[in-house]
Amino acid sequence: MDYPYKKEFSQNLVEWFHREKRDLPWRRTSDPYKIWVSEVMLQQTRVDTVIPYYNRFIDKYPTIETLAYAPQEELLKMWEGLGYYSRARNLQSGVKEVVEKYDGTVPDNRHDISKLKGVGPYTAGAILSIAYNKPEHAVDGNVMRVLSRVLNITDDIALPKTRKIFEIAVEELIDENDPGSFNQGIMDLGAMICTPTSPKCLLCPVREFCTAYNEGDPASLPVKSKKTKTKSEKYKVFIARNSNGQFLLEKRSEEGLLANMWQFPMILIEKEHEPNKKFEQTYHLQISHTIDEEFLTFKHVFSHLTWFMDCILVEVNQEKLLPTHTQFFTLEQLEQYPMPVPMLKILNVLK
DNA sequence: AACACGGGGGT
DNA sequence: ACCCCAGTGTT
């Protein structure tokens, strides 16, 4: 690497971090388990969103053992609204392995920690550097943005192989005496100063060592090829109330989108079939009458998919036994079960 | 290497 | 409306 400011960059960065770092709940602990929880929550998720979830989560599961033995339904409820729910299931799987195989002590080396479910190259490096003070790289989108500018790296960060370039760069730049502050310093810099659009270069502690600032155009980096294929699905959602005032809910498949989360039954509108009939057949019910044909209409955007939802409120009679993973609940019971945000939107209107 | 997998914030 | 993501697992 022909970057001439290795030492100065790292020193300024770490000094800035110690001066300006945000006071975050997971920065008040050195417990590797808690650092782990925070890092998993922070994957693809902003700090401000994570803070209340982290606090509730650690309150509920203060030790690695308490999380290892938690019921999955309860765990998903704690994660409700955070998204990427496989993170929660993988985290518990990894935590279980640590309890059973390592006597509850999170491994302190990349080889072992990387075998844990949900711990990829980034999270491994983050835990090792922050909790164990190991000089390990932790390259995420933030680090790639900052370093692409500092080193004027123009490779496409959407390509998996590009991450390797940044890992090598971090290995060269990292402060061996304080690797945790170095890695977190880049993250805070990326969050507070070296932002995706309109970077605040005039406030940047490493401006004078930034290649793009001095010779190029920071705002045009990093280079990232965007993929825009997103599809749409239209659903008729049935808010079905029985004569006891209970509502029908179903548990989604244990695989795929929103795995194991609960929802109001919904029928995919493909051609122009009879969704009401399909609903009655699928759930072994009879619609006695419609209470509100236009109860609620909205759309919900996922990263790769948009749901268009037409919700109808109906009164139903139970014909025979309900299908598995399907159950009537009172409004009070229903709130104990983990539901994705689009269903919470419906629930809020219903209440 | 491509894709699936949530959700919220910024402009 | 359209942009941005503090990644990992599966295929």
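Below, read A as the first sequence line, B as the second, and so on, with proteins coming before strands; counting in each chain starts at 1.
- The Lys299(A) side chain lies nearest to dA1(C) when the options are dA1(C), dA6(C), dG8(B).
- Between the base of dA6(C) and the side chain of Asn142(A) there is a donor-acceptor pair shorter than 3.5 Å.
- Once rounded to the nearest 0.5 Å, the distance linking CZ of Arg145(A) with CG of Asp140(A) reads 8.5 Å.
- Listed pair Thr123(A) / dT8(C) meets the phosphate criterion, a side-chain N or O lying under 4.0 Å from OP1 or OP2.
- Asn90(A) comes within contact range of the sugar-phosphate backbone alone, with a heavy-atom separation under 4.0 Å but no base atom that close.
- Under 4.0 angstrom from either OP1 or OP2 of dC4(C) there lies no side-chain N or O belonging to Arg145(A).
- Residue Gly256(A) is classed as a sugar-phosphate contact, given heavy-atom separations below 4.0 Å to backbone atoms only.
- Atom CE in Met41(A) sits roughly 16 Å away from atom P in dT8(C) (whole-Å rounding).
- Mapping Arg46(A) and Pro121(A) onto DNA chain C by nearest heavy atom places Arg46(A) closer to the 5' end of the strand.
- Separating the CE atom of Met192(A) from the P atom of dA6(C) is a distance of 15 Å, rounded to the nearest angstrom.
- The nearest heavy atom of DNA chain B to Tyr85(A) and to Ser198(A) marks one nucleotide each, and the one closer to the 5' end goes with Tyr85(A).
- Atom-to-atom, CG of Leu82(A) to P of dC5(B) comes out at 18 Å; the value is rounded to the nearest Å.
- One interatomic measurement links the two molecules: OH of Tyr122(A) to C1' of dC5(C), which rounds to 13 Å at whole-angstrom precision.
- Note on ring orientation: taking the six-membered ring where Trp is involved, the planes of His300(A) and Phe302(A) are perpendicular (angle over 60°, cut-offs 30° and 60°).
- Residue Pro222(A) is classed as having no contact, given no heavy-atom separation below 4.0 Å to the nucleic acid.
- For the pair Leu159(A) and Glu80(A), both in contact range of DNA chain B, the more 5′-proximal nearest nucleotide belongs to Leu159(A).
- Tyr84(A) comes within 4.0 angstrom of a base, heavy atoms only.
- Pairing analysis of DNA chain B (Watson-Crick: purine N1 to pyrimidine N3 plus N6-O4 or O6-N4; G-U wobble: N1-O2 and O6-N3; both under 3.5 Å) yields stems of 3 or more pairs at B:1-5 with C:7-11, B:7-11 with C:1-5.
- Heavy-atom neighbours of Arg19(A) CZ from other residues, nucleotides or ligands within 6.0 Å: above the threshold of 12.
- Between the side chain of Ser303(A) and the base of dG6(B) there is at least one donor-acceptor pair of N/O atoms closer than 3.5 Å.
- Between Phe209(A) and Phe9(A), a ring centre-to-centre spacing not shorter than 6.0 Å is recorded.
- Here the separation of dT11(B) from dA6(C), taken at their P atoms, is 14 Å to the nearest Å.
- dA4(B) atom P lies 17 Å from atom CZ of Arg89(A), rounded to whole Å.
- The CG atom of Leu221(A) sits 15 Å away from the C1' atom of dC4(C) (whole-angstrom rounding).
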inquiry  = Walk me through whether Phe264(A) and Met309(A) qualify under side-chain contact (heavy atoms from CB on, under 4.5 Å).
reply    = CA-CA 11 Å; Phe264(A) 294 103; Met309(A) 314 284 266; over 6 Å; no

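- Contact check on Glu293(A) versus Lys236(A) returns a salt bridge, with a Lys/Arg side-chain nitrogen under 4.0 Å from an Asp/Glu carboxylate oxygen.
- Between His300(A) and dG7(B), a side-chain N or O to OP1/OP2 separation shorter than 4.0 Å is present.
- Using a 4.0 Å cut-off between a side-chain N of Lys or Arg and a carboxylate O of Asp or Glu, Arg27(A) and Asp188(A) qualify as a salt bridge.
- Of the candidate nucleotides dG6(B), dG7(B), dT10(C), dT10(C) has the atom lying nearest to any side-chain atom of Lys117(A).
- Between the CE atom of Met144(A) and the P atom of dC5(C) there is a distance of 9 Å, rounded to whole Å.
- Distance noted for atom P between dT11(C) and dG6(B): 16 Å (whole Å).
- Distance CZ (Arg163(A)) to P (dG9(C)): 11 Å, rounded to an integer number of Å.
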Test log, rule side-chain contact (heavy atoms from CB on, under 4.5 Å), inputs Trp262(A) and Glu73(A) = CA-CA 10 Å; Trp262(A) 289 78; Glu73(A) 197 115 82; 2.8 Å; yes

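- Proximity of Lys224(A) to the phosphate of dC3(C): no side-chain N or O atom is located under 4.0 Å from OP1 or OP2.
- For dG7(B), its base never sits under 3.5 Å from the side chain of Thr49(A) at any donor and acceptor pair.
- Proximity note for Thr45(A) (side chain, C-beta onward) versus dA1(B), dG8(B), dG6(B): the nearest is dG6(B).
- Of the candidate nucleotides dA1(B), dC4(C), dT8(C), dA1(B) has the atom nearest to the side chain of Pro160(A).
- In this structure, Ala138(A) reaches neither bases nor backbone, as no heavy-atom distance under 4.0 Å exists between it and the strands shown.
- Using a 4.0 Å heavy-atom distance criterion, Leu258(A) is classed as a sugar-phosphate-only contact.
- Look at Lys117(A) and Glu97(A) and you find no salt bridge, because none of the NZ, NE, NH1 or NH2 atoms lies under 4.0 Å from a carboxylate O.
- You'll find that the side chain of Pro340(A) is closest to dG7(B), out of dC5(B), dT8(C), dG7(B).
- Counting only heavy atoms from C-beta on, Thr197(A) has its side chain closest to dT11(B) among dT11(B), dA6(C), dG7(B).
- Looking at heavy-atom distances under 4.0 Å, Thr195(A) makes no contact with the nucleic acid at all.
- Nearest nucleotide to the His304(A) side chain, out of dG9(B), dC5(B), dG6(B): dC5(B).
- As judged by a 4.0 angstrom heavy-atom cut-off over every strand, Val119(A) is placed among residues touching the sugar-phosphate backbone only.
- Among the heavy atoms of the strands, none lies under 4.0 Å from Arg252(A).
- Side-chain atoms of Tyr122(A) and Glu39(A) form a donor-acceptor pair, as typed in the model, at a separation below 3.5 Å.
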